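Structure first, commentary second.
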Amino acid sequence: MNVSAPEDRASTSLFAPLHLGSILLSHRVVLAPLTRNRARPSETYINTWVPTELNVSYYSERATPGGLLISEATPVSRRASGTLGIPGIFTPEQCEGWAKVTRVVHEKQGFIFCQLWHQGRTTHSRLTGLETWSASAIPIQETPHLSKGLDPVPQDVPHAMSLSDIQETHQEYVSAAQNAIASGFDGVEVHGANGYLPDQFHHSNVNVRTDEYGGTPEKRCRFTIELVEKLCRAVGKDKVGVRLSPFGLFNETRGEDRQRQWTYLCGKLSELGIAYIHLIEPRFDEWRTEAQKLDWLLHRADTREEASLRPYRAAIQPPTACIVAGGYHPGNCWEGVEKVRLFRMFLSNLSSVYFGEGRP
Ligand SMILES: Cc1cc2nc3c(=O)[nH]c(=O)nc-3n(C[C@H](O)[C@H](O)[C@H](O)COP(=O)(O)O)c2cc1C
């Protein structure tokens, strides 16, 4: 439904301040995380990429006083990487590059969170030089994406992570988060959406484990919840956000029991008192049109009744705020602003919408 913009846009909650963890936003227009593939290859470390002046100018151009930027997905380790031109945050030169980015954003009185990324089974050992890891030994069927810079070859059959692999991976996230804060980021966002490593644990078709990390919706959330707990201890809960895609299909995620699982996950993460949970709207899909995606959801038993973020938003309680993204534009964003009082909704310049709990 399209709703025209209120005449006095400045008086809407879009331009009201909001506490988001440790920062005070002066408006609620948030830049979504957007992979740009603009980093340079490292001359020192194999299979790693480093932020450049182009990254600095890209973020500087989008910084506004009191506004929040979320960085492109940023690998936490070499094993987590796997797409050309993506700057990680696990080597000194990467941290130096990111420090230049955060400096220019802060010079404009803006804020920036670092999106922490682990590709899990969606990477390839030929790109990382390391074994590919995932929740279970279930490969993606698709051939690698062209941006991975390989001739099409079958995806790796991933190694099913042992309990010590899980601990090691959590520690890589913690080190990356500490690097991010030391490089000037205002916080970190766990990329727990779109079929990457945490989401590989979430989905029952990718995670067939029978230990405490699989087998039930609650156990499939354990990898993410424990990770977020460790990040909160390492950098502070007010500097941690998480991105989730309860309706995602990307990277062959076809998990069942979604509403029970993501409601539980949102509730648990909110209980930790993190800064925000960032949800992707059901209508958005990487490959399908909005109409195709909604049609697909209509034909699934677990989404036929309600393809909406409502149950997940309801599970998120203050002080944790809620950010939403996916398919917002000036024609559909104002409905929420005018009608939703508990959560007020916001549109971005590019591709993200902010949906905060309204605490000034
Ligand atoms: C070019 C491009 C790069 C993206 N990179 C990321 C990313 O690095 N991390 C992420 O969580 N989402 C990524 N996304 C998804 C967006 O953050 C967003 O969820 C999606 O575009 C839906 O919002 P929109 O309908 O406003 O575009 C990307 C999307 C695009 C188009």
Side-chain angles (χ1 to χ4, degrees), residues 2 14 28-39 49 51 54-55 58-59 62 68-76 80-89 94 98 101 112-120 122-123 145-148 173 176 180 185 187-200 202 224 240-251 253 262 276-294 307 309 312 322-336 345-355:
N2 283 355
L14 178 60
R28 304 174 186 201
V29 182
V30 178
L31 177 72
L34 293 164
T35 293
R36 310 311 298 149
N37 305 79
R38 286 171 167 177
W49 287 267
L54 191 53
N55 299 100
Y58 168 78
Y59 288 101
R62 284 155 183 82
L68 176 64
L69 309 180
I70 303 170
S71 80
E72 62 211 86
T74 305
V76 298
S81 314
T83 309
L84 301 180
I86 307 292
I89 186 137
Q94 290 172 334
W98 278 118
V101 171
I112 182 164
F113 270 50
C114 181
Q115 191 186 53
L116 300 180
W117 195 28
H118 197 306
Q119 290 196 217
T122 71
T123 188
H145 191 275
L146 285 180
S147 73
K148 290 181 179 171
Y173 274 92
F185 281 99
V188 294
E189 175 181 288
V190 173
H191 193 343
N194 299 351
Y196 298 109
L197 185 66
D199 212 27
Q200 290 163 27
H202 299 155
T224 301
V240 178
V242 180
R243 189 169 220 215
L244 301 172
S245 49
F247 300 92
L249 305 174
F250 193 48
N251 286 320
T253 48
W262 269 268
Y276 67 82
I277 297 173
H278 183 175
L279 300 172
I280 300 174
E281 290 281 358
R283 62 186 166 218
F284 176 74
D285 190 71
E286 304 281 343
W287 307 121
R288 293 169 178 79
T289 63
E290 184 172 326
Q292 287 167 336
K293 178 72 181 293
L294 292 175
L309 292 178
Y312 313 112
C322 181
I323 296 177
V324 295
Y328 284 97
H329 53 74
N332 69 6
C333 72
W334 301 103
E335 184 189 11
M345 186 171 75
F346 294 95
L347 174 74
S348 76
N349 48 359
L350 265 181
S351 59
S352 178
V353 173
Y354 185 75
F355 209 113

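Note that this is a predicted model, so its numbers are computed, not measured. As the structure lists them, so they are numbered: ligands from 1, and atoms in each ligand from 1. Scope of the values below: all heavy atoms of this structure, side chains included, with no hydrogens, waters or symmetry mates.
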Is the NZ or CZ atom of Arg288 positioned over Phe250's six-membered ring, under 6.0 angstrom from the centre and within 45° of the axis?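 No; the conditions do not both hold, so Arg288 does not lie above the ring face of Phe250.
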Does ligand 1 come near enough to [X] that some N or O of the ligand is less than 3.5 Å from an N or O of the residue?
X	value
Gly327	yes
Ile280	no
Glu286	no
Arg36	no
Phe284	no

Roughly how far, to the nearest 0.5 Å, is the CH2 atom of Trp49 from the CD1 atom of Ile86?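 Rounded to the nearest 0.5 Å, the CD1-CH2 separation comes to 8.5 Å.
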Kindly assign one of parallel, tilted or perpendicular to the pair His118 and Tyr173, based on the angle between their ring planes and the thresholds 30° and 60°.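 Correct class here is parallel.
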Please work out whether the ring planes of His202 and Trp262 are parallel, tilted or perpendicular, with thresholds of 30° and 60°.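 Because their plane-to-plane angle is over 60°, the rings of His202 and Trp262 count as perpendicular.
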Under 4.0 Å to a heavy atom of [X] - the qualifying atoms of ligand 1, by number:
X	answer
Ala32	17 (O)
Ala73	8 (O)
Gln115	7 (C), 8 (O), 9 (N), 10 (C), 11 (O)
Thr35	3 (C), 4 (C), 5 (N), 6 (C), 7 (C), 8 (O)

Distance-only donor-acceptor check, side chains Tyr58 and Glu72, under 3.5 Å: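 Result is no, nothing qualifies.
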Using a distance-only test with no angle check, is there a side-chain donor-acceptor pair under 3.5 angstrom linking Gln119 and Ser81?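 No.
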When the ring centroid of Phe284 is compared with that of Phe247, is the distance short of 6.0 Å?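 They do not qualify: ring centres at least 6.0 Å apart.
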Of Glu290, Arg243, Glu72, Arg283, which has the heavy atom at the shortest distance from atom 19 (O) of ligand 1?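 Shortest heavy-atom distance from atom 19 (O) of ligand 1: Arg243.
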Return the option from Gly248, Pro33, Ser245, Ala325 holding the heavy atom at the smallest distance from atom 13 (C) of ligand 1.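 Going through Gly248, Pro33, Ser245, Ala325 one by one, Pro33 has the nearest heavy atom to atom 13 (C) of ligand 1.
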Let's go through Ile280 and Asn194 carefully: what are the C-alpha distance in whole Å and the side-chain angles of both, what is the deciding distance for side chain to side chain contact (heavy atoms under 4.5 Å, CB included) to 0.1 Å, and is it a yes or a no? CA-CA 9 Å; Ile280 300 174; Asn194 299 351; 3.5 Å; yes
Heavy atom of Gly326, distance to ligand 1 below 4.0 Å: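 Within the 4.0 Å threshold, so yes.
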